[in-house]
J.: 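Could you have a look at this structure, given as structure tokens, before my questions?
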Amino acid sequence: MVSKEVIMTHISEREQELPDAVIGEIFRLTAEDKSIISLGPGQPDFPTPRPILDECKRAIYKATRYSSPGGVIELREALVKKLRKENNIKLGPENIIVTTGSQEAIFTAMLCTLDPAEEIIVPNPGYLAYIPAANLIHAVPVPLKLNEEDGFEVNPDELRKLINKKRTKVILINSPANPTGNVLKKRTLEEIAGIAREHDLYIFSDEAYERLTYGTKHVSIGSLNGMGDHVITFQTFSKTFSMCGFRVGYCAGPKKLMQAIEKAHHYLTLAAPHISQLLAIKALTIKKSYIEKMRKEYERRRNFLVERLNEIGLRTTLPKGAFYTFSNISEFSKDSTRFARDLLKKSRVAVIPGVEFGKFGEGYIRCSYATAYPMLEKATARIEKYLKKYDKSLRS
Ligand SMILES: Cc1ncc(COP(=O)(O)O)c(C=O)c1O
């Protein structure tokens with residue numbers, strides 16, 4: 001008798017409602033077609049610094065077991081010193097949970113602070129994982145519009161208007177920002193801190209790009225007076241140390257919340273990869289010059305890219321941090337997905353449509369300068385040619 005094959009097709013509604021990121025499609029196409037220049041990547045193009053990779057050989061023998069769920073104690077102790085010295089945040093190891101990248105930390109923190117139908121205010125345009133993460137736990141992401149005219153700075157008056165006394169629990173900020181490259185001013189952070197204190201809200205401070213700033217200094221909102229009970233700081237080894245593949249990040253904040261996060265994190269992943277945690281300890285000891293060299297090169301690329309994009313007709317604000325430009329394409333198209341697809345097809349240059357970062361990102365494209373300088377030269381020459389012959393029928 002031939003057994004009947006049963007094809008299971010049930011997928012939860014929750015999952016089906018998740019957006020299909022165009023970014024995934026672009027990465028797939030770029031991997032398949034070598035003639036495409038990709039300005040898509042959200043990860044450094046530099047190798048992980050050599051001393052960290054060399055440590056791998058030694059550390060691997062010590063990393064075959066699970067670490068403690070909250071993270072290797074030596075790493076948490078090293079992070080206490082790092083947060084104190086670099087971010088002026090004074091916390092103990094019990095206030096830190098090491099996670100599988102900072103993305104896991106952000107998701108788990110949402111899980112531990114938001115019940116269904118409660119609200120989290122998120123920057124828009126903003127990092128594309130915020131809205132789906134909130135949706136997955138049936139919380140409500142409330143978009144805070146960031147405007148090009150303000151350099152994509154948070155407007156505290158607009159933020160105030162979004163607070164619902166009963167439902168709002170969290171304000172999420174991201175500085176230096178993906179995709180806009182803005183670095184929030186200390187004055188703005190003070191106003192946001194005041195709002196959080198007044199309404200007794202948590203602030204999630206996503207500082208993934210904290211070390212990548214150009215001509216300005218990153219300030220951690222967790223360092224401001226009176227914010228100890230309010231702020232959860234999210235940082236990562238992915239960007240600063242070019243360690244995306246190792247998947248190691250962390251969050252730091254009030255002890256009671258960290259205990260809750262540790263419990264949920266334990267059920268989700270058990271612990272961050274042990275080997276990556278040992279490499280993270282090493283990363284915190286390497287010479288600053290490794291990081292400074294990468295930062296300087298990003299700055300050189302940024303200067304070139306912003307100048308060229310403006311020159312060829314794509315209005316682009318000078319980003320003060322991270323490694324992205326966010327260009328206004330509204331003169332050419334109101335539909336950033338259509339624009340990006342057409343650019344890819346005709347010019348073999350991949351960029352990310354602004355609408356991927358939320359509805360207020362429509363009318364923009366993101367280019368990543370985690371891309372070698374000669375590639376930026378080639379890509380902008382191709383975009384220039386494309387815009388000169390721009391198909392006017394695509395304008396609407
Ligand atoms: C703003 C921002 N936050 C968090 C992350 C997640 O980084 P990771 O999980 O590698 O620490 C990213 C990744 O691109 C990001 O751009």
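Residue numbers count from 1 along this sequence. Worth saying up front: this structure is predicted, and the values here are computed from it rather than measured. Both ligands and their constituent atoms are indexed starting at 1 by order of listing.
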J.: Donor-acceptor pair, N147 side chain versus F152 backbone, under 3.5 Å?
T.: no
J.: List ligand 1 atoms under 4.0 Å from R247, heavy atoms only on the residue side.
T.: 8 (P), 9 (O), 10 (O)
J.: What I want to know is whether N174 and ligand 1 share at least one N or O pair that is separated by under 3.5 angstrom.
T.: no
J.: For L318 and Y214, what are the C-alpha separation, side-chain angles and deciding distance, and is it a side chain to side chain contact (heavy atoms under 4.5 Å, CB included)?
T.: CA-CA 10 Å; L318 186 70; Y214 317 109; over 6 Å; no
J.: Do me a favour and list the nearest non-hydrogen protein atom to atom 10 (O) of ligand 1 with residue, atom name and distance?
T.: S238 OG, 2.6 Å
J.: Which bit of A208 gets closer than 4.0 Å to ligand 1, counting heavy atoms only: side chain, backbone, both or neither?
T.: side chain
J.: Under a 4.0 Å N-O cut-off, is there an ion pair linking E25 with R341?
T.: yes
J.: What protein heavy atom is closest to atom 1 (C) of ligand 1, reported as residue, atom name and distance in Å?
T.: D206 OD2, 3.3 Å
J.: Under a 3.5 Å cutoff, is there a donor and acceptor pairing between the side chains of Q103 and Y127?
T.: yes
J.: Does only the side chain of Y209 get under 4.0 Å from ligand 1, or the backbone, or both, or neither? Count heavy atoms.
T.: side chain
J.: Suppose we measure from atom 13 (C) of ligand 1 to each protein heavy atom; which comes out shortest, and what is that distance?
T.: K239 NZ, 3.0 Å
J.: Tell me whether the count of non-hydrogen atoms from other residues, nucleotides or ligands lying under 6.0 Å of NZ in K378 goes above 12.
T.: no
